[in-house]
Amino acid sequence: MASSSSSSSPLKFIEKALLATGPFALSYTDPDQKWVIRKHLTSFLQDFSNFDLSTDTFNHNNGTTVQLFRLDGSLRTPQQSTAVQLTIWVHENYPLTPPLVFVIPPDSMTPVRTNHPFVSSSGYTNSNYIETWEYPPCNLLNFVRNLRRVLANDHPFVQTDSIPTKTRSVSRPEALDRLVTSLHYDVLAIMSISEEEIESLWRLQKEVKQRSESVRTIISDLETERETLKENVLKLEEDTDVLAIWVERNYPKLMKATSKDVGVEEMFEMEEEKKLLVESLAADKAIEDVLCNLEEASRRGEMEIGSYLKHVRVLAREQFFSRHHHLYM
């Protein structure tokens with residue numbers, strides 16, 4: 001159950017809360033720890049009196065439930081007019097463990113800026129002061145003072161164009177915070193450039209892949225064309241061989257023809273048997289053509305059936321002897 005110091009002085013409330021037992025007991029068990037917490041809370045509330053102190057239940061990410069001091073208030077930074085609402089939980093292991101700080105958005109329409117170096121989208125705050133926390137040098141009051149300077153350099157809700165540069169000297173923690181902020185945005189810029197380069201390389205890879213497919217297609221077509229050319233070359237070689245043999249056989253006749261001893265017809269004079277065979281085949285073909293013409297004329301009624309049969313018998317007889325002749329030559 002939560003309780004608040006609004007109805008009593010902060011010091012009395014702190015002492016009463018630290019001495020509580022039973023269901024109202026806080027999770028701070030060591031007497032020395034309680035004394036340090038009392039001292040640090042008192043100092044803090046003297047400097048930041050606008051913060052309200054209370055006790056409440058806190059749930060850790062691992063499911064553990066503890067009863068802790070809780071501070072709620074606004075932190076106004078020098079450079080920004082917009083105040084930052086904070087909730088600070090004093091850890092059960094404080095001061096050995098730093099407090100847990102959450103930035104509270106003013107409304108649902110004003111979320112924490114994306115990629116803030118110290119404040120996550122959930123509002124959890126983790127500055128360099130917390131990262132390097134070491135007791136006794138570190139304490140609640142100095143932490144919140146440091147946080148105010150951190151948020152002044154880089155507000156969680158208001159966009160800042162650049163980290164302000166001051167001529168005055170700054171403390172080592174503040175210098176480290178500024179350096180971390182600068183490095184954070186440098187890393188974001190480098191990551192953005194790298195993502196663009198990676199995207200460009202992906203597009204280039206896709207284009208190279210497409211070109212590779214085109215090249216493979218062209219190579220395949222060239223291979224097919226080469227095989228076709230090989231076949232044509234082989235055929236041409238065969239034709240050349242046939243022509244060479246013919247020239248070798250007919251060269252003497254060609255010489256005679258050019259010397260006017262014989263005519264061109266004599267150059268291509270065939271052997272007697274082959275000549276008879278060609279004449280027989282020509283005669284057979286001619287008879288076949290005549291028979292077809294007679295059949296067509298008879299079909300159209302241009303020739304009497306008797307005349308048609310007479311001519312067919314004569315031509316069939318001649319065709320028979322012609323075929324018999326060239327088959328047994």
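Below, each value reflects all heavy atoms present in this structure, side chains not excepted, and no hydrogens, waters or symmetry copies. Not measured: the values here are computed from a predicted model.
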Show me the side-chain donor-acceptor pairs of residues 230-244 shorter than 3.5 Å, one per line, residues at least two apart or across chains.
from : atom 1 : to   : atom 2 : distance (Å)
N232 : ND2    : T228 : O      : 3.4
K235 : NZ     : D239 : OD2    : 3.4
T240 : OG1    : L236 : O      : 2.7

Would a 4.5 Å heavy-atom cut-off, applied to side chains only, mark [X] and [Y] as touching?
X: L315; Y: L294; value: yes
X: V36; Y: Y135; value: yes
X: L222; Y: E225; value: yes
X: F48; Y: L75; value: yes
X: T57; Y: Q67; value: yes
X: L68; Y: V90; value: no
X: H60; Y: H91; value: yes
X: D154; Y: R113; value: yes

So, for [X] and [Y], which heavy atoms are closest and what is the spacing to 0.1 Å?
X: H116; Y: V119; result: ND1-N, 3.1 Å
X: S127; Y: F143; result: OG-CE1, 3.9 Å
X: I130; Y: P98; result: CG2-CG, 3.7 Å
X: T97; Y: W133; result: C-NE1, 4.0 Å
X: P99; Y: L140; result: CG-CD1, 3.9 Å
X: L151; Y: P156; result: CD2-CD, 3.9 Å

If Ile, Leu, Val, Met, Phe, Trp and Tyr residues are connected whenever their side-chain heavy atoms lie under 4.5 Å apart, and connections chain through other members, are [X] and [Y] in the same group?
X: Y124; Y: V103; result: yes
X: V66; Y: L19; result: no
X: L291; Y: I305; result: yes

When you measure from the side chain of [X] to the backbone of [Y], do you find a donor-acceptor pair of N or O atoms at a distance under 3.5 Å?
X: H311; Y: V290; value: no
X: Q33; Y: E92; value: yes
X: N93; Y: L96; value: no

Would you kindly say whether S212 and R216 are connected by a side-chain donor-acceptor distance under 3.5 Å?
yes
Has E227 got more than 12 heavy atoms of other residues, nucleotides or ligands less than 6.0 Å from its CD?
yes
How about N62: does its CG atom have over 12 heavy atoms from other parts shown lying under 6.0 Å from it?
yes
Measure the [atom1]-[atom2] distance between [X] and [Y] for me, rounded to the nearest 0.5 Å.
X: E318; Y: I287; atom1: CD; atom2: CD1; value: 5.0 Å
X: I193; Y: I198; atom1: CD1; atom2: CD1; value: 12.0 Å
X: C292; Y: E295; atom1: SG; atom2: CD; value: 6.5 Å

Could you tell me whether [X] and [Y] have a side-chain N and a carboxylate O separated by less than 4.0 Å?
X: E296; Y: R299; value: yes
X: K12; Y: E15; value: no
X: E207; Y: R211; value: yes

Residues passing the salt bridge (Lys or Arg N to Asp or Glu O under 4.0 Å) test with R145, sequence neighbours excluded, are D47
Kindly write out the residues that satisfy salt bridge (Lys or Arg N to Asp or Glu O under 4.0 Å) with E302, not counting sequence neighbours, or none if the list is empty.
R300
Walk me through whether R226 and E223 qualify under side chain to side chain contact (heavy atoms under 4.5 Å, CB included).
CA-CA 5 Å; R226 186 177 69 172; E223 289 289 342; 2.8 Å; yes
Verdict with supporting geometry, I37 and I14, side chain to side chain contact (heavy atoms under 4.5 Å, CB included)
CA-CA 9 Å; I37 292 174; I14 294 170; 5.6 Å; no
Please determine whether side chain to side chain contact (heavy atoms under 4.5 Å, CB included) holds for the pair N142 and Y129, giving the CA-CA distance in whole Å, both sets of side-chain angles, and the decisive distance to 0.1 Å.
CA-CA 9 Å; N142 289 336; Y129 193 95; 3.3 Å; yes
Give the ring-plane orientation class for F51 versus F44, where under 30° counts as parallel, over 60° as perpendicular and anything between as tilted.
perpendicular
Is it the case that the ring center of F69 lies less than 6.0 angstrom away from the ring center of Y28?
yes
Under the criterion side chain to side chain contact (heavy atoms under 4.5 Å, CB included), I'd like the reasoning laid out for Y94 against N139: C-alpha separation, chi angles, the key distance, then a yes or no.
CA-CA 9 Å; Y94 183 89; N139 57 66; 4.1 Å; yes
